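Encoded as structure tokens, the structure appears first; notes follow it.
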Amino acid sequence: MIRPHRNLVTLGEFIIDKQADFPYAKGELSSLLSDISIAAKIVNREVNKAGLVNILGEAGSENIQGESQKKLDVFANEQFLAALASGGECAGVASEENDEIILFDGNASSGRYIVAMDPLDGSSNIDVNVSVGTIFSIYRRKTKNGPATVDDFLQYGSDQVAAGYIVYGSSTMLVYTTGNGVNGFTLDPSIGEFCLSHPDMRIPKGGNIYSVNQGNFVHFPEGVKRYIKNLQIDDKANKKPYTLRYIGSLVSDFHRNLIKGGIYIYPTTLSSPKGKLRLMYECNPMAMIVEQAGGKATDGFRDILEIQPTDIHQRCSLFIGSSAMVDESMDYMKQYSDANLQPTYVTSKES
Ligand code: AHG
């Protein structure tokens, strides 16, 4: 029971309070989430200092103490890997920063979970002081003991037991779900704790924000072009034209749309025929979160969570956000895009 005598609920208290709701409650998933939140605080500290890099030394160079500077995405990767390795609940990690899966403890590994993560998404925005994020996805491993295998990672998004992100923005927030709603916690730097600030987050069914890199318009599938053109018409009754908001940092764009209502699209393009984003550590975790908040995520045709991954770094197109907006975009895709030109996947419904 969360303490009634004060309003403040920390992430640690919340996780423990909700532990009994986890499907396999043994405290390990709680520990894993705590490990992630500790690494997030360390990464937050460094991200906040990023503007000082020109004073302290460029990434790759040596600082005044003679220590070599690390790029922030490399630093973030190391912090999350160290946190996950130390707890013992995690058998291995698939990271955007590593070509191969990272396994912990070899044959002695008893961790029951595996994690897929993008330790610092949108890192090209750091130099210009724009919000970036961390995305994570947690599964129970399929093998029982010994080293985890690639097959432990190649699970449907619908098999995730938890997913979340941290947005390092004007304030730093951690948002996560364990399949029982979505809750958001804001870091209070004065006490160094994530505090419950956004309980039971729900995405509005509709919205008037769309987020897409419109510079790629000529390379978009016909369905996306027609959908976007329709959002731009002068139609006061339906609050059109809609507002375009695109930060170029998935976590930040997603977070805004989750709160205000909207759609984020990264479709296939002529230059990225399979899409740009990664299924396992970008699309799947965001899809679980949005669905838990009452929204929807598809690749334009199929539910993201039903796509069978065949590679840990597999790419995927993404249409995610308010359910009514995602549904409408899919209608356009069905009507105007040649499904034969879209990437094919095995889905859980077909297998
Ligand atoms: P990166 O981490 O290389 O900056 O990529 C960011 C991802 C995602 O966060 C963002 O929405 C998208 O790529 C932006 O891609 P474009 O620059 O092609 O719009």
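Remember, predicted model here, so these are calculated numbers, not experimental data. In this chain, numbering begins with 1 at the start of the sequence shown.
Nearest heavy-atom pair, Phe220 versus Asn213, reported as atom, atom and distance to 0.1 Å: CZ-O, 3.2 Å. When all heavy atoms of Asn238 and Tyr242 are compared, the pair lying nearest together is O-CE1, 3.5 Å. Here the closest heavy-atom approach between residue Leu84 and residue Cys90 is recorded as O-CB, 3.8 Å. Nearest heavy-atom pair, Gly157 versus Tyr139, reported as atom, atom and distance to 0.1 Å: CA-OH, 3.5 Å. For Ser249 against Gly122, the heavy-atom pair with the smallest separation is OG-CA, 4.2 Å. The two residues Val167 and Ser131 have their closest heavy-atom pair at CG2-CB, 4.4 Å.
At a threshold of 4.5 Å between non-hydrogen side-chain atoms, the residues Phe319 and Met330 do not count as touching. Side-chain contact check for Leu244 versus Val212: some heavy-atom pair is nearer than 4.5 Å. Looking only at side-chain heavy atoms (C-beta outward), Leu72 and Ser123 stay at 4.5 Å or farther from each other. Residues Thr268 and Pro273 are not in side-chain contact: their nearest non-hydrogen atoms beyond the backbone lie 4.5 Å or more apart. Using a 4.5 Å cut-off on side-chain heavy atoms (C-beta onward), Ile304 and Met286 make no contact. With contacts defined as side-chain heavy-atom distances shorter than 4.5 Å, the pair Val47/Phe75 does not qualify. Considering only heavy atoms from C-beta on, Asp311 stays 4.5 Å or farther from Phe153 through its side chain.
Looking only at distances, a side-chain donor or acceptor of Gln292 sits under 3.5 Å from a matching main-chain atom of Gly181. Within the 3.5 Å criterion, the main-chain N or O of Ser30 finds a donor-acceptor partner in the side chain of Ser34. A donor-acceptor pair is defined here as one N or O able to donate and one able to accept, closer than 3.5 Å; such a pair exists between the side chain of Gln308 and the backbone of Leu154. For the pair Thr186 (side chain) and Ser197 (backbone), a donor-acceptor distance under 3.5 Å is absent. At least one donor-acceptor pair under 3.5 Å links the side chain of Asp253 to the backbone N or O of Ile247. With Asn183 contributing its side chain and Val175 its backbone, the two residues share no donor-acceptor pair below 3.5 Å. A donor-acceptor contact shorter than 3.5 Å is absent between the side chain of Arg315 and the backbone of Ser272. Panel note: side chain Ser86, backbone Ala83; a donor-acceptor pair is recorded below 3.5 Å. In this structure a side-chain-to-backbone donor-acceptor pair under 3.5 Å is present from His313 to Asn98. Of the possible polar contacts, none joining the Lys205 side chain to the Ser322 backbone as a donor-acceptor pair under 3.5 Å is found.
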Are Asn180 and Thr178 close enough, and set up right, to give a side chain to side chain donor-acceptor pair (under 3.5 Å), and what steps lead you there? CA-CA 6 Å; Asn180 199 8; Thr178 53; 5.9 Å; no
After noting the C-alpha distance and the side-chain angles of Arg112 and Glu89, does the key distance pass the side chain to side chain contact (heavy atoms under 4.5 Å, CB included) rule? CA-CA 6 Å; Arg112 295 200 302 158; Glu89 308 86 16; over 6 Å; no
Would you sort out whether Cys316 and Tyr266 count as a side chain to side chain contact (heavy atoms under 4.5 Å, CB included), showing the intermediate values? CA-CA 9 Å; Cys316 183; Tyr266 208 110; over 6 Å; no
Step by step, work out the side chain to side chain donor-acceptor pair (under 3.5 Å) result for Gln232 and Tyr210. CA-CA 10 Å; Gln232 297 172 334; Tyr210 70 104; 3.0 Å; yes
Check step by step if side chain to side chain donor-acceptor pair (under 3.5 Å) holds for Thr149 and Arg141. CA-CA 9 Å; Thr149 67; Arg141 61 185 284 193; over 6 Å; no
I would like to know whether Thr143 and Asp152 meet side chain to side chain donor-acceptor pair (under 3.5 Å); could you show each step before the answer? CA-CA 7 Å; Thr143 49; Asp152 285 320; 2.6 Å; yes
For a side chain to side chain contact (heavy atoms under 4.5 Å, CB included) check, start with the C-alpha distance between Glu97 and Leu81, then their side-chain angles and the critical distance, and finish with the verdict. CA-CA 11 Å; Glu97 290 292 324; Leu81 286 176; over 6 Å; no
Is there a side chain to side chain contact (heavy atoms under 4.5 Å, CB included) between Glu222 and Tyr227 once you walk through the steps? CA-CA 9 Å; Glu222 189 60 21; Tyr227 175 64; over 6 Å; no
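Grouping the Ile, Leu, Val, Met, Phe, Trp and Tyr side chains by contacts below 4.5 angstrom, directly or via other members, places Ile166 with Val115. Under the 4.5 Å side-chain contact rule for hydrophobic residues, Val290 and Ile307 share a cluster. Tyr156 and Met280 fall into different hydrophobic clusters, where Ile, Leu, Val, Met, Phe, Trp and Tyr side chains are chained together by heavy-atom contacts under 4.5 Å. Cluster membership check: Met117 does not share its hydrophobic cluster with Ile101, using side-chain heavy-atom separations under 4.5 Å among Ile, Leu, Val, Met, Phe, Trp and Tyr. Cluster membership check: Tyr332 does not share its hydrophobic cluster with Ile209, using side-chain heavy-atom separations under 4.5 Å among Ile, Leu, Val, Met, Phe, Trp and Tyr.
The distance from atom CD of Glu328 to atom CD1 of Ile263, rounded to the nearest 0.5 Å, is 8.5 Å. Annotation: the span from Glu193 atom CD to Ser37 atom OG amounts to 8.0 Å, rounded to 0.5 Å. Summarising the geometry, atom CZ belonging to Arg245 is positioned 7.5 Å from atom NZ belonging to Lys260; distances are rounded to the nearest 0.5 Å. Distance check: Leu174 CG to Leu196 CG gives 11.5 Å after rounding to the nearest 0.5 Å. A distance of 8.0 Å separates CZ in Phe80 from CZ in Phe136, rounded to the nearest 0.5 Å. Atoms CD1 and NZ, from Ile114 and Lys142 in turn, are 9.5 Å apart once rounded to the nearest 0.5 Å.
A centroid separation of 6.0 Å or more is found between the aromatic rings of Phe185 and Phe194.
Asn257 and Ser211 are linked by a side-chain donor-acceptor pair at a separation below 3.5 angstrom, with hydrogens and angles left out of the test. Judged by distance alone, the side chains of Thr298 and Asp303 never bring a donor and an acceptor atom under 3.5 Å apart. Judged by distance alone, the side chains of Gln160 and Ser137 do bring a donor and an acceptor atom under 3.5 Å apart. A donor atom on one side chain and an acceptor atom on the other are not found under 3.5 Å apart for Thr243 and Asn208. A donor-acceptor contact under 3.5 angstrom links the side chains of Lys240 and Asn230, judged on distance only.
Within a 6.0 Å radius of NZ in Lys41, other residues, nucleotides and ligands contribute more than 12 heavy atoms.
A side chain to side chain contact (heavy atoms under 4.5 Å, CB included) with Ile135 is found for exactly one of Ile289, Val251, Asn284, namely Val251. For the side chain to side chain contact (heavy atoms under 4.5 Å, CB included) with Gln79, the lone residue among Thr134, Ile38, Val43 that qualifies is Val43.
Residues meeting the ring-ring contact (aromatic ring centres under 6.0 Å, His included) test with Tyr165, sequence neighbours left out: Phe254, His255.
Using a 4.0 Å cut-off between charged nitrogen and carboxylate oxygen, Arg302 and Asp299 count as a salt-bridge pair.
By the 6.0 Å and 45° rule, Lys229 stacks over the aromatic ring of Phe217.
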